[in-house]
K.L.:
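Mind looking over this structure? Questions follow.
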Amino acid sequence: MVYSDNGFFDEFGGKYVAEVLRRPLDELETAFKEAMQDKVFLEELKTIQRDYIGRETPLLHAETASRILGGAQIYIKLEGLANTGAHKINNAIGQCLLAKRMGKKRIIAETGAGQHGVATAAACAKLGLDCTIYMGEVDVRRQQPNVSSMEMYGAKVKSVTSGSRTLKDAVNEAMRDWAANPDTTHYCLGSALGPAPFPDIVREFQSVIGREVKRQAEERNLDIVALIACCGGGSNSIGFFAPFIEEKTPRLIAVEAGGIGPGQGENASRMTGNASRNGILQGYKSRFLLDDDGQTLPTRSISAGLDYCGIGPQLAALGKKGRIEFTSALDKEVLDAIKFFAKNEGVLFAMESAHAGVEAIKLAPALPKDKAIIINMSGRGDKDIFITCPVFRPEEWKQFLLSELKRLEENKDIHNAESMK
Ligand SMILES: *Cc1c(COP(=O)(O)O)cnc(C)c1O
């Protein structure tokens, strides 16, 4: 079960959308299937993956970490070295190239924490496409560095003021825009979820991660016991796992946000949590965190990228079947894993990716030294300094922010800010 069966992965998936969105989704599906058979398109994709994204990304042997843990050899797929700092660019570039092939001039996307917005804005800048990013007003306020990046790449960021003014409202607004402008516009959805054909499209563009890992592991004769990835919507994990799904081994382990604990509203564990239910939301059937009335529950995680109430339908199906094992990591374990890999390997994990690191630290010691486990480091941690620094160095960070504020207010050292606008 790699491709969906007419949009479904067992009972999950589908295309539960308003009538106006059926035609754009059907056209997208046809165009995607044609493109994936087109040698010229695939060649173009490969070239831009190499020259712009920086593929292939390395597979690093974490020798010191493995020695300290005393068991299996840990390898880290360094997706964080991709241009813009995470795996999201693989999907953004793929979809923007597909949109261009379809003759679309304009791209819209939703974003929560801003990572998908940044990747899409960058891809549009590279490919000469007009770009509008929908982002909840609350997120715009808390994610200013990403909003600045999107604007630097030339995107228009539209602040969404309806509903809870966060990710789910941004998705609704993007769907509305697409329904009104299907001929000129492509909706570049950011994870392996949403109505069909998005889960198939996003997995295919992300499966470059898994194909590279497979080749890199074979070249080194690795005996892989497990692949471990963090899981928000599921795009980095399903892309990493894709070439291995039909095989019996290795174990495929997806790590959800355990937040601060197992209580309602304390985590974003859609597969392992106790508020996990089947539901149909935003165009697809899957597992969601819902209350007894079927309303979405608040979620919580230290990492914005995993803080979402739904999960891709293929992951839900493979989880139910047992091919993908789900587990979760707590915020405090995540912070420890970030320190462990930074200090021992010189690799700074994004908070999302460090969820996979936590599981590797738990798993490795019990396994023989001649076995391998591979972590997908979906992104690098530079983006997280506003969360990690206040935890690791609270007083120094506070002093730094105060002095920055003072500098701004005194208008010192701001080089020609007016002329640069
Ligand atoms: C967005 C994000 C994730 C979570 O999204 P998936 O679709 O589950 O991959 C994970 N890691 C990083 C670095 C992200 O930016």
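As a basis for the values below, the full set of heavy atoms in this structure was taken, side chains included, without hydrogen atoms, waters or symmetry mates. Every number for a ligand or one of its atoms is a count from 1 in the order of the listing.
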K.L.:
May I ask you to check whether G234 has an N/O atom sitting below 3.5 Å from an N/O atom of ligand 1?
P.N.:
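Looking only at distances, the answer is yes, because the N/O contact criterion of under 3.5 Å is met.
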K.L.:
Just to be sure I'm reading this right: ignoring hydrogens, which of G232, A350, S303 gets closest to atom 8 (O) of ligand 1? Compare them by their nearest heavy atoms.
P.N.:
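Selected option, by shortest heavy-atom distance: G232.
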K.L.:
Determine the interplanar angle of the W178 and Y187 rings, folded into 0 to 90°, and report it as parallel if under 30°, tilted if 30 to 60°, perpendicular if over 60°.
P.N.:
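Aromatic pair W178/Y187 classed perpendicular.
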K.L.:
May I ask you to check whether F392 and W397 place their ring centres under 6.0 Å from each other?
P.N.:
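Here the rings of F392 and W397 have centres that are no less than 6.0 Å from each other.
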K.L.:
For G379, counting its heavy atoms only, list the atoms of ligand 1 lying under 4.0 Å from any of them.
P.N.:
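In order of number, 13 (C).
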K.L.:
Examine the proximity of ligand 1 to H116 and report which part, side chain or backbone, both or neither, has a heavy atom under 4.0 Å away.
P.N.:
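No part of H116 is near ligand 1 at this cut-off.
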K.L.:
Just to be sure I'm reading this right: ignoring hydrogens, which of S378, C230, G112 gets closest to atom 11 (N) of ligand 1? Compare them by their nearest heavy atoms.
P.N.:
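The option holding the nearest heavy atom is S378.
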K.L.:
Can you tell me if CZ on R393 sees more than 12 non-hydrogen neighbours from other groups inside 6.0 Å?
P.N.:
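No, CZ of R393 has 12 or fewer neighbouring heavy atoms, counting only those of other groups under 6.0 Å.
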K.L.:
Answer yes or no: is there a side-chain heavy-atom contact under 4.5 Å between E34 and M102?
P.N.:
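They are not in side-chain contact.
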K.L.:
Of the listed options (H355, E352, E256, K88), which comes nearest to atom 2 (C) of ligand 1 when hydrogens are ignored and any heavy atom counts?
P.N.:
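Going through H355, E352, E256, K88 one by one, K88 has the nearest heavy atom to atom 2 (C) of ligand 1.
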K.L.:
Measure the distance from atom 4 (C) of ligand 1 to every protein heavy atom, then report the residue, atom name and distance (to 0.1 Å) of the closest one.
P.N.:
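Its nearest protein heavy-atom neighbour is G305 O, 3.3 Å.
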K.L.:
So do Q49 and V208 actually touch side chain to side chain, heavy atoms under 4.5 Å?
P.N.:
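Yes - at least one pair of side-chain heavy atoms lies under 4.5 Å apart.
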K.L.:
Polar-atom distance check: A86 versus ligand 1, any N or O pair below 3.5 Å?
P.N.:
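By distance alone, the answer is no.
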K.L.:
Return yes if some donor-acceptor pair links the side-chain N/O of R287 with the main-chain N/O of S276 below 3.5 Å, else return no.
P.N.:
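A pair under 3.5 Å: yes.
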K.L.:
Is there a heavy atom in S237 that sits closer than 4.0 Å to ligand 1?
P.N.:
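No.
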K.L.:
Of all the heavy atoms in H87, does at least one lie under 4.0 Å from an atom in ligand 1?
P.N.:
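Flag set, H87 near ligand 1.
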K.L.:
Quick one: salt bridge (charged side-chain N to carboxylate O under 4.0 Å, His left out) partners of R22, sequence neighbours excluded?
P.N.:
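Checked R22 against salt bridge (charged side-chain N to carboxylate O under 4.0 Å, His left out); zero matches.
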K.L.:
Sequence neighbours left out, what passes side chain to side chain contact (heavy atoms under 4.5 Å, CB included) with A257? Give chain and number order.
P.N.:
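Once residues adjacent in sequence are excluded, the partners of A257 under the side chain to side chain contact (heavy atoms under 4.5 Å, CB included) criterion are A268, S301, L306, H355.
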K.L.:
Can you list the atoms of ligand 1 that are under 4.0 Å from a heavy atom of S235?
P.N.:
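Listed by number with element: 6 (P), 7 (O), 8 (O), 9 (O).
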K.L.:
Taking only heavy atoms of Q115, which atoms of ligand 1 are found under 4.0 Å from at least one of them?
P.N.:
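Ligand 1 atoms under the 4.0 Å threshold to Q115: 15 (O).
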